[in-house]
Amino acid sequence: QKLLERRLQTKVYKQGLAKSIHHARVLIRQRHISVGGQLVNVASFNVRTSSEKHIDISANSPYGQGAPGRNAKKRAASKAAAGEDDE
């Protein structure tokens with residue numbers, strides 16, 4: 001395979017985990033992508049052909065099964081406060 005096709009950012013984009021190559025790079029850099037359960041934050045990481053099927057959203061990521069992010073927590077708190085005001 002070609003070297004640029006084996007980069008993690010390209011694989012994330014081709015698998016449909018990101019909307020664009022640039023979005024893939026941001027997701028990787030913000031620690032949302034793991035390869036084989038190992039968190040990877042380097043977009044130029046060369047993925048082995050045996051590891052391609054193990055590229056996924058990280059377990060700790062808000063995009064996966066992780067805790068909600070900063071904005072989601074703020075939204076939930078404001079909804080809870082608004083619900084208490086109604087009662």
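Source: prediction; values computed, not measured. Just so you know, residue 1 is the first one in the sequence shown, and it goes up from there.
Separating the CD atom in Gln15 from the CD1 atom in Ile33 is a distance of 9.0 Å, to the nearest 0.5 Å. Taken to the nearest 0.5 Å, the CG atom of Leu4 stands 11.0 Å off from the OG atom of Ser44. Atoms OG and CD, from Ser51 and Gln38 in turn, are 11.0 Å apart once rounded to the nearest 0.5 Å. Taken to the nearest 0.5 Å, the OG atom of Ser20 stands 9.5 Å off from the CD atom of Gln9. Put simply, OG on Ser58 and CD1 on Ile28 are 12.5 Å apart, with the number rounded to the nearest 0.5 Å.
Within the structure, ring-ring contact (aromatic ring centres under 6.0 Å, His included) pairs that include any residue of residues 26-67 comprise His32-Tyr63 (at least two apart or interchain). For residues 68-78, no pair satisfies side chain to side chain donor-acceptor pair (under 3.5 Å), with sequence neighbours left out.
For the side-chain contact (heavy atoms from CB on, under 4.5 Å) test, residues two or more places apart in sequence or in another chain that qualify with Asn46 are Leu3, Arg6, Arg7. By the side-chain contact (heavy atoms from CB on, under 4.5 Å) test, Ala18 pairs with Val12, His23, Ala24, Leu27, sequence neighbours left out. In terms of the side-chain contact (heavy atoms from CB on, under 4.5 Å) criterion, residue partners of Arg31 (sequence neighbours excluded) are, by chain and number, Leu39, Asn41.
Across Leu17 and Ile57, no two heavy atoms sit closer than the pair CD2-CG1, 4.3 Å. Of all the heavy atoms in Gly69 and Pro62, the pair that sits closest is N-CB, 4.0 Å.
In this structure, Val26 stands alone, with no Ile, Leu, Val, Met, Phe, Trp or Tyr side-chain heavy atom under 4.5 Å from its own, directly or through other members. Clustering of Ile, Leu, Val, Met, Phe, Trp and Tyr by side-chain heavy atoms under 4.5 Å joins Tyr13 with Ile21.
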